[in-house]
Amino acid sequence: MDRRQFMASAGVVALGATLPSCATVSRESEDARLRAMLDRFFYDRLQDSPEAATGAALDVGERANLRFLLSDYSAAAQARDLARSRQELASLRTVKRASLSENAALDYDVVEYGLSRSIGASERFSFGATGGRFSPYVISQLTGPYRGVPDFLDSQHPIETKSDAEAYLARLSAFPRALDQSSERQRQDAARGVFAPDYILDTTLKQLRTLRDQPAGKTQLVTSLSKRAAEKGIAGDWGRTAERIVAESVFPALDRQIALVTDLRRRAGHVAGVWRLPDGEAYYAGALEAATTTSLSADEVHRIGLEQVAALEAELDPILRNAGLTRGTPGERLAELNKRPDQVYPNTDEGRAALIAELNRQIAEIEARLPQAFATLPKARVEARRVPELIQAGSAGAYYDSAPLDNSRSAIYFINLRDTFDRPKFGLRTLTHHEATPGHHLQVSLAQESESIPLIRRFGGYSAYSEGWALYAEQLADEMGMYQGRPLERAGMLQSFLFRATRLVVDTGLHAKRWSREQATDYFLRTTGIARGRGQNEIDRYTAWPGQATSYKIGHTTWVRLRDEAKAKLGDRFDLKDFHQVLLQGAIPLSILERLVRERTARVA
């Protein structure tokens, strides 16, 4: 328990009575025991997650050695993590939940939910990953240290001192081991028939070769260190040392991984769905539950998607007609809008720079209006950047990296600018509200900066909660007037909703209804009007991350329904700012969110 929480608890006891009751003492004692236990869980896990420690700026003091390390990507490490989770759950269940305060009981419920489901999935499925996000393939266009470590070293590993530069070299030296560990795990899974389909491996090979097929000294692994060390005036031949490590150790490990993936590509089929894997239907059911934190079946999710697609197409129609787009389906008309020269930035370095500058202007514009809807605002800043070219071929269209706890760097809203045609102007504002604010940045930062919840929950996440919130944030921005006088940008917002509703259809189509990649792609492009390059990337993403894409619209629907329920019950007493204060409780499963919001509403009523 941190000092501020301890002092707050002590203050409550002191104010309650001169001689507190036994029940109060028991509750304070059990709360403190739980907080200490959860903090121990967090720091134990941090020891095995050096990259997370650096990302949160917690690799200092007694944990300073973590800045010199990378995570263990081996099967043995996975087994140790499962064993630890079992021990944690057993310890957690020794806590007397009935003796906890309301907030502590919430902490208990959220952590118990995550541990029990993670353990159950890991025990049943021994391939890939089955944590918060199911990823069946150790190596794909979206998974594996080959794509994560270089980006991490460049964007999150700090270079401020000589020790930081030495730590960078230590991590660079550990990179080949991480590559070999992931190769060995993928080799073991492949022996059971678990490896990605051909088109996923094609993109994976392209990304691996982008890193490998250049002089060692020209790689981002080398230039990131040498450039930043020079900017800070840190004396040393850092570039030459890094170049030697890359040439003598990293490149041979990449060659070994490329050889493995090339062999898998020769053996790979074209079937997209995880139904083809061992116990594949159950795997997808588990992926859906993990993503949505609900018990919805694939058929139910598919039906919800079809219903919402139809409703959104009807809402888009008059807006597009007023813009002179009258022929074809809404998706076809959105595709035509995408082709208008005034809606596309030049596909050049200058065009990309102008696009990024516009995103940062949009961030500043919405930040000025946030006090209309929020009583608490984050301290951390956020800035837009392009996805590194090294990984853009298979990367998601956009994603968010949070700031460290000390705010030593800004949070980052990454956007994939492989081709600017994939990101037309009419859709950019909505993306900014989703990835930056009031979407991911506001929600994640408020949780991380909240001292009322334990660290394990500040950094925990549930996709349906956070992605549902980010989609709700797009709607909220509309309600705050961000699209007033901008009908095409409001069409971009509705296209975003349509895009997420379509995901419900195609994700379940691929993995439960046995659609082909081509069938899913055709439906996706026809319905959303999104450019083919980006659309194909989306379908391939759903192949590698089954279920995850369904979390957005399921979560959004829940957030809107809960707000509508609270407004109906409270009438004039409903306070939007107060409703949004639930964010200070951190990310939680949707079933627990429903209970929490209803309890908060009942207290006001």
Side-chain angles (χ1 to χ4, degrees), residues 51 70-79 81 122 125-153 174-213 219-221 249-274 276-278 280 283 287 387-388 390-396 399 511 517 537 539-548:
E51 294 95 327
L70 291 179
S71 298
D72 188 335
Y73 290 86
S74 69
Q78 269 198 316
D81 185 63
S122 296
F125 308 108
S126 58
F127 55 85
T130 53
R133 177 169 58 213
F134 277 43
S135 304
Y137 313 118
V138 176
I139 300 174
S140 73
Q141 87 284 22
L142 293 173
T143 54
Y146 85 89
R147 73 180 306 284
V149 170
D151 184 26
F152 163 77
L153 287 174
F175 185 28
R177 178 171 177 264
L179 289 167
D180 287 338
Q181 287 172 335
S182 63
S183 291
E184 180 55 28
R185 280 186 54 215
Q186 179 60 86
R187 190 175 289 109
Q188 292 171 1
D189 283 356
R192 292 176 289 164
V194 181
F195 55 98
D198 51 11
Y199 58 92
I200 295 295
L201 295 177
D202 285 338
T203 305
T204 303
L205 282 169
K206 180 178 181 179
Q207 293 185 159
L208 281 163
R209 288 173 175 143
T210 297
L211 178 57
R212 175 62 180 88
D213 293 346
T219 63
Q220 178 182 286
L221 293 167
S249 299
V250 174
F251 276 179
L254 283 170
D255 287 338
R256 292 190 289 273
Q257 190 154 103
I258 288 169
L260 169 64
V261 176
T262 300
D263 177 64
L264 295 177
R265 174 61 181 84
R266 284 194 291 266
R267 298 158 49 192
H270 195 66
V271 175
V274 293
R276 68 180 176 86
L277 303 179
Y283 186 90
V387 169
L390 174 67
I391 60 173
Q392 67 183 8
S395 177
Y399 55 90
H511 298 294
R517 181 201 194 201
N537 252 32
I539 298 303
D540 295 354
R541 167 183 168 175
Y542 313 152
T543 304
W545 285 346
Q548 190 272 341

Subject >> With Asp189 via salt bridge (charged side-chain N to carboxylate O under 4.0 Å, His left out) - residues at least two apart >> reply: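 Partners of Asp189 by the salt bridge (charged side-chain N to carboxylate O under 4.0 Å, His left out) criterion, ordered by chain and then number, come out as Arg192.
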Close side-chain approach of [X] and [Y], heavy atoms under 4.5 Å:
| X | Y | result |
| --- | --- | --- |
| Pro252 | Pro176 | no |
| Leu201 | Tyr137 | no |
| Val149 | Leu179 | no |
| Pro150 | Leu211 | yes |
| Phe175 | Leu153 | no |
| Phe134 | Gln548 | no |
| Pro278 | Val194 | yes |
| Val138 | Tyr73 | no |

Could you state the interatomic distance from [atom1] ([X]) to [atom2] ([Y]), rounded to the nearest 0.5 Å?
| X | Y | atom1 | atom2 | result |
| --- | --- | --- | --- | --- |
| Arg187 | Arg256 | CZ | CZ | 9.5 Å |
| Thr210 | Gln220 | OG1 | CD | 11.5 Å |
| Arg209 | Thr204 | CZ | OG1 | 11.0 Å |
| Asp213 | Thr219 | CG | OG1 | 12.0 Å |
| Leu205 | Gln257 | CG | CD | 9.5 Å |

So, does [X] use its side chain to make a donor-acceptor pair with the main chain of [Y] at under 3.5 Å?
| X | Y | result |
| --- | --- | --- |
| Gln78 | Gly128 | yes |
| His511 | Tyr283 | no |
| Arg147 | Gln141 | yes |

Which heavy atom of [X] sits nearest to which heavy atom of [Y], and what is that distance?
| X | Y | result |
| --- | --- | --- |
| Arg276 | Gly193 | NH1-O, 4.0 Å |
| Leu70 | Glu51 | CD2-OE2, 3.5 Å |
| Ser140 | Ala544 | OG-CB, 3.9 Å |
| Ser183 | Ile139 | CA-CD1, 4.1 Å |
| Pro136 | Pro546 | CD-CD, 3.5 Å |
| Ser71 | Gln181 | O-OE1, 4.3 Å |

**OP:** Would you check if there is a donor-acceptor pair between the side chains of Tyr199 and Thr543 at a distance under 3.5 Å?
**Re:**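 Yes, a side-chain donor-acceptor pair sits under 3.5 Å.
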**OP:** Just jot down the side-chain hydrogen bond (donor to acceptor under 3.5 Å, both in side chains) partners of Ser122, sequence neighbours excluded, or say none.
**Re:**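 Here the qualifying residues are Thr130.
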Subject >> Lys/Arg-Asp/Glu bridge criterion (N-O < 4.0 Å) met for Asp263, Arg267 >> reply: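 Looking at Asp263 and Arg267, the cut-off is met.
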**OP:** Sort out for me which residue in Glu184, Arg185, Gln186 forms a side-chain hydrogen bond (donor to acceptor under 3.5 Å, both in side chains) with Gln188.
**Re:**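 Answer after filtering Glu184, Arg185, Gln186: Glu184.
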Original post:
Taking it one step at a time, do Trp545 and Thr143 satisfy side chain to side chain contact (heavy atoms under 4.5 Å, CB included)?
Top reply: CA-CA 9 Å; Trp545 285 346; Thr143 54; 3.8 Å; yes
**OP:** Determine the sole option in Leu208, Val261, Ile258 for which the side-chain contact (heavy atoms from CB on, under 4.5 Å) test with Tyr146 is passed.
**Re:**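 Of the listed residues Leu208, Val261, Ile258, the side-chain contact (heavy atoms from CB on, under 4.5 Å) partner of Tyr146 is Leu208.
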